[in-house]
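Step one of this worksheet: look at the structure below.
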Amino acid sequence: MSKPKVIVTRKWPAEVEAKLKALYDVQLNEKDIPMTADELKVALQTADALLPTVTDPITADILNVEGKRAKIIGNFGVGYNNIDINAAKAQGLIVTNTPEVLTDCTADIAMLLLLMSARRASEGDRLVRNRQWKGWCPTHMLGQKVTGKTLGLIGFGRISQAMARKAHHGFGMKILFCDPYPPAQDIIDDLQAVRYETVEELLTEANFVSLHCPGGDATRHLINEERLKLMRPSAHLINTARGDVVDSKALIKALKEGWIAGAGLDVFEGEPNIDPGFLDLDNVALLPHLGSATEETRIGMGNRVLENIAAFFAGTEPRDRVV
Ligand code: DGY
């Protein structure tokens, strides 16, 4: 029997690509150049499985292409807002994602940004590199203490809970969260977490606010000018979720005018073309979407896609089916 045809849209870790080669008739993307909409359409027409990632917009126009051969889209990423899920559903396509394997590494980056923002780490690094540091003195570059402070989490899924564990058990932080679907009571009890009914209430209480909700229409600009004004002037906003959850223009204004003290961002609206307004601000720590960027995690993500498509080709239900 011939092997199923699989098309991978970007370069993956070598270890996972080797497995793909052994198991499938695979088309890899060794040059790692993003595929165009037309190329993605052809991929759906010629492969049994398309394996895109979070930066490939799989739009309704692409999904509605005539003469599709593909039956499954195995997304390399836990977020799948790059895929028009309604169109995929209407076309009878199965979509899978890669949860769990990136939980801790993404939570680490959220915690890293929280610490960087609180302790002015990017600004300090720039000062040293620019040879402007004049030496230690009692009032130089004072940031804010993290230990014992209050962390407000918007969205309380796996990554958010992992951050809460690090923050609560490691830094003695008090945990607040807002999520319409709270986790089991034993998780809440372990973290001594307090549930808030509204984002507004949480924003007024927290010293640090970290975003952990999915991207997409439902959460677009959830953090807007009005809500930023509810935050404390000493508060910091951390975003490792999706760029469009925050209105960039409003955040730049908030950081410039001191409505909040700082921000730590790993994701951006329109990334990698980030709003230049962020670049001149000292009170924002910027990372290039590094949440899941560890060797272990990226291999884990690839293996999880493999597991999902293997289940599909074996005629069973992929464990990470989202549609
Ligand atoms: C995801 O998987 O959704 C991340 O954003 C990539 O790290």
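The structure displayed is predicted, hence computed values, not measured ones. We count ligands from 1, going down the list as the structure has it; atoms in each ligand are counted the same way. The figures here come from the full heavy-atom set of this structure, side chains too, leaving out hydrogens, waters and symmetry mates. All residue numbers in this chain count up from 1 along the given sequence.
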Honestly, for V78 the part within reach of ligand 1 (heavy atoms, under 4.0 Å) is both
Below a 4.0 angstrom heavy-atom separation, can you tell me which part of L102, side chain or backbone, both or neither, approaches ligand 1?
side chain
Hey, are [Y] and [X] close enough side-chain-wise for a donor-acceptor pair under 3.5 Å?
{"X": "Q91", "Y": "N64", "answer": "yes"}
{"X": "N207", "Y": "K174", "answer": "no"}
{"X": "T46", "Y": "R69", "answer": "no"}

So between M301, R242, R298, whose heavy atom ends up nearest atom 5 (O) of ligand 1?
R242
May I ask you to list the atoms of ligand 1 that are less than 4.0 angstrom from any heavy atom of [X]?
{"X": "S292", "value": "6 (C), 7 (O)"}
{"X": "V54", "value": "1 (C), 3 (O)"}
{"X": "G79", "value": "1 (C), 2 (O), 3 (O)"}

Where is the nearest protein heavy atom to atom 4 (C) of ligand 1: which residue, which atom, and how far?
H289 NE2, 3.7 Å
Run through the side-chain heavy atoms of Ile, Leu, Val, Met, Phe, Trp and Tyr, join any pair under 4.5 Å, and report what else lands in Y80's cluster.
I7, M35, L40, L44, L50, I58, I62, L63, V65, I73, I83, I85, L93, V95, V322, V323
Please table the atom pairs, donor to acceptor, closer than 3.5 Å between any side-chain atom in residues 131-148 and protein atoms at least two apart or in another chain.
from, atom 1, to, atom 2, distance (Å)
W133, NE1, G135, O, 3.4
K134, NZ, Q132, O, 3.4
Q144, OE1, H236, NE2, 2.8

